[in-house]
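As structure tokens, the structure follows; a few thoughts come after it.
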Amino acid sequence: MKKHSYLSVSAILLLVYSIFSFAGDRPSTDTVVPTRSGLVQGTLVEEFDVIAYKGIPYARPPTGDLRWKAPQDPESWEGIRDASEFGSRCHQGRGGSEDCLYLNVWQPQSQYQGHDDDDDDERDDDDHRLLPVFFYIHGGSNTGGSGDGSWYTVAKNYNALVVSINYRVGVMGWFSHPSLKTDNRIDDSGNYGLLDQVKALQWVKRNIRRFGGDPRNVTIAGASAGAQNVSYLMHTPLAKNLFHKAIMESNYPGIRPVAAATKSSKQALYNLLVGDGLAVDTPAAKTLADGMSNDEIRDYLYGKTAAEIRDVYWNGYWGSINWGDFYRDDIVSGNAWVPPPMVQKSANRPEFVYTIGDGYVLPDNISFADFSNGNGFPKPTVIGTTKNENNAWNAYWPYNFEQGKSLETLVDEAINDGGPSWLLDFLATMGDSPAEFMANYKFGTELIDELNNYLGAQNLARNLSQAKPRIPVYVYRFDWGSDANKEYKIPFEDAWKFYVGAPHVAEADFFWQRFEGLADGGTVENGYQYTADNFDGRLKLSHAARAYLNEFIHNRSGKIRHSKEQPVKWKRWKKNRERMIVFDADYDTLDVHMDSDDINRTPQELYEAHLAHPNENVRDFIEYYVMWSWHYNWYPNRSNQADPFDTSPGPNAVFDPLDP
């Protein structure tokens, strides 16, 4: 009998749409697009003239046996998939699901007709009509967040295909227990959240042209943990050929050793065994675990819900954040004050270790993703920080500003151990008079900010420009809200400038137009400093930033060519000419300029400067936040780490948690 083959209805539809999707200039007002897995239908938002495709699966759900495994290709589906709603965010303290590997595409209905300055004889004739791809990775300490935000304005204003993603966070995204090892290096890496991002980039390479995007012009970007992940993607060979440019905002690019991840996962197992009543305490749990086979431990861990595993870590709300290796008596004993997070920490709670230097997905010979020692794959880069990065952590005062408290009131509360926040309690050790308190606080925060700016931007730019001098590298510092001599017309402005200034990730609202059209609004975190009085200055600064970033995103070479919309030419950071652009404005006047003088001191110089301060409380204040942010142990004579710049976990960390 002669055999016949038949195409399903969905396969026929996919074939038809594949043929006609390139007839004429895509994209059109047709909201159905074929992907490799099936058809998706988006929603046209006429206000922005943008079609949104939400909740597109880029991998199979990492559930069941696929938990703690590298992501797999998505399954195909029949018919047309409704893409009008976001997929579930990944499991975290604020809800979510393990079935979460979805991405979103925002497709503007205009077409980029500009020239291309990258001579590529192999590109198709239609490529000049394809839009650049802006691939955004959310932040949230790699323990929370999602790709659910609204990107209509960015897609429209930047005339780019915007892709945002969910990726596994917390211990579902980074976990490395010896019993889970399978001799498959990618599955055994422990870096599942990062592998999700690689998988999403693979999806873009295979599918984005069908949305009108240019797979040869992909810019990855992120802020905070998102910027960290960008730097890690620039260090893994798995992503080397999946993107072309990078933007890193407020970056913290640390890499942790496998030993720290192993220690953490063991302690998590012990806590689970105790919580289930299978052991009375940690020593008994260790004895029990030592007698279990790898298969028994694996089955036990896989039998636990994500919430049960998350909750054995320190902070269940965010997911699992804790810097456990440094919470030791040899550090905190003798302190003039003990930081409240140390008091809040429960005994035997493991550290959340992410971005693990496993030697396959990420290098195992560096502590920072900083392109040192020949590591990494340099690409055209925009990188920067805010002027007061640290102030988001040690002086975040929304309650006080909402209550309308003046600088004098806040300083008085800090000195006199008052106010509603634990922050005020420990700041009471910083000085006995307003003048002494303000001088000491200013010294400490500025030194920490300088270290953050060095490690988060300037040192990376230095290594990038030395490793590959011909690639364009652009460095910025975002100052809005920090200049004592400017008038911003922020409520209780003196208090804002002193305690907050330009804090961590403040630039994101301006770069991506999050407050455009809102005279007195912005993000939930920062909205109270945005007023109708300073709207003109903010909008001018936002438009100026866009004029630069738009050039970077659209040009395949990553060059930012000067245009009349740009206040000054943004000059590259070069090996023999280090310089950055400074973004600022007052309430109605733009201030954007190049600066080659305000280059940060090295960590060694900053370490010596902090040791020279006569006030022990100020030194403790600095040492704690340096340790918390960067895992540099600056506590002199209180640790077995003699080198204050050694970010490895030290002898204690490689042993079992029960060891002294």
Side-chain angles (χ1 to χ4, degrees), residues 223-224 249-250 384-414 419-421 423-424 427 434 437-439 441-442 444-446 448-449 452-453 476-546 567 581-593 598:
S224 190
E249 311 160 52
S250 293
T385 56
T386 64
K387 186 174 184 179
N388 309 115
E389 282 282 334
N390 185 67
N391 287 14
W393 315 124
N394 71 343
Y396 190 59
W397 305 78
Y399 172 86
N400 297 298
F401 283 100
E402 288 167 6
Q403 297 298 311
K405 296 183 179 180
S406 67
L407 176 60
E408 293 76 14
T409 300
L410 292 174
V411 170
D412 181 69
E413 287 180 346
S421 170
L423 179 64
L424 298 179
L427 288 182
F437 171 86
M438 294 178 74
Y441 179 88
K442 187 172 185 290
T445 56
E446 288 183 351
I448 298 165
D449 290 336
N452 288 356
N453 296 341
Y476 71 83
R477 193 184 70 207
F478 184 83
D479 285 14
W480 190 89
S482 66
D483 192 332
N485 298 313
K486 280 189 169 64
E487 186 178 358
Y488 297 102
K489 294 194 175 180
I490 296 171
F492 295 91
E493 187 162 317
D494 289 342
W496 178 272
K497 290 176 181 177
F498 181 74
Y499 278 119
V500 182
H504 182 62
V505 194
E507 73 270 47
D509 282 358
F510 292 76
F511 286 4
W512 315 123
Q513 284 85 55
R514 290 180 181 168
F515 53 69
E516 189 155 312
L518 301 174
D520 57 356
T523 62
V524 173
E525 292 82 3
N526 298 330
Y528 51 84
Q529 84 264 31
Y530 298 153
T531 67
D533 289 336
N534 60 36
F535 180 68
D536 287 347
R538 287 188 286 117
L539 197 61
K540 290 176 183 177
L541 184 55
S542 180
H543 287 177
R546 186 175 78 202
I581 198 168
V582 177
F583 289 112
D584 202 354
D586 62 17
Y587 66 92
D588 68 352
T589 305
L590 196 60
D591 180 10
V592 178
H593 60 274
D598 200 9

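Hydrogens, waters and symmetry mates play no part in the numbers below; they use all other heavy atoms, side chains included. Everything numeric in this text was worked out from a predicted model, so none of it was measured.
- Heavy atoms only, all atoms of each residue included: Glu389 and Ser250 are closest at OE2-OG, 2.5 Å.
- Side-chain atoms of Asn390 do not come within 3.5 Å of backbone N or O of Asp449 as any donor-acceptor pair.
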message = Using side chain to side chain contact (heavy atoms under 4.5 Å, CB included), reason through Tyr530 and Asp509 one step at a time and then give a plain yes or no.
response = CA-CA 11 Å; Tyr530 298 153; Asp509 282 358; 2.8 Å; yes
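- Nearest heavy atoms, Glu493 versus Glu487: OE2-CA, 3.4 Å.
- Of the possible donor and acceptor atoms, none in the side chain of Lys540 sits under 3.5 Å from a partner among the backbone N and O of Thr589.
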request  = Evaluate the criterion side chain to side chain contact (heavy atoms under 4.5 Å, CB included) for residue pair Leu407 and Tyr499; output intermediate values, then yes/no.
outcome  = CA-CA 9 Å; Leu407 176 60; Tyr499 278 119; 3.9 Å; yes
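- Aromatic pair Phe478/Phe510: ring centres closer than 6.0 Å.
- Between the CZ atom in Phe583 and the NE2 atom in His593 there is a gap of 11.0 Å [rounded to 0.5 Å].
- With respect to the salt-bridge test (charged N to carboxylate O, under 4.0 angstrom), the residues Lys486 and Asp479 do not qualify.
- Between atom OG1 of residue Thr386 and atom CG of residue Asn453 there is a gap of 6.5 Å, rounded to the nearest 0.5 Å.
- For an aromatic pair to be called close, the ring centres must be under 6.0 Å apart, and Tyr488 with Trp480 satisfies this.
- Considering all non-hydrogen atoms of both residues, Asn391 and Val500 come closest at ND2-O, 3.2 Å.
- Side-chain contact between Glu249 and Trp512 is present, with at least one heavy-atom pair separated by less than 4.5 Å.
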request  = Let me see the working for Asn388 and Thr445 under side chain to side chain contact (heavy atoms under 4.5 Å, CB included), right down to the final yes or no.
outcome  = CA-CA 8 Å; Asn388 309 115; Thr445 56; over 6 Å; no
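- Closest heavy-atom contact between Thr531 and Arg538: O-NH2, 3.1 Å.
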task = Determine, step by step, whether Asp591 and Asp586 satisfy the side chain to side chain contact (heavy atoms under 4.5 Å, CB included) criterion, reporting the C-alpha distance in whole Å, the side-chain angles of both residues, the deciding distance to 0.1 Å, and the verdict.
result = CA-CA 8 Å; Asp591 180 10; Asp586 62 17; over 6 Å; no
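- Considering CG of Asp584 and CZ of Arg477, their distance stands at 9.0 Å, rounded to 0.5 Å.
- Ser482 approaches Ala502 most closely through the heavy-atom pair CB-N, 3.8 Å.
- Summarising the geometry of Glu507 relative to Gly384, their closest heavy-atom pair is OE2-O, 4.2 Å, with the distance given to 0.1 Å.
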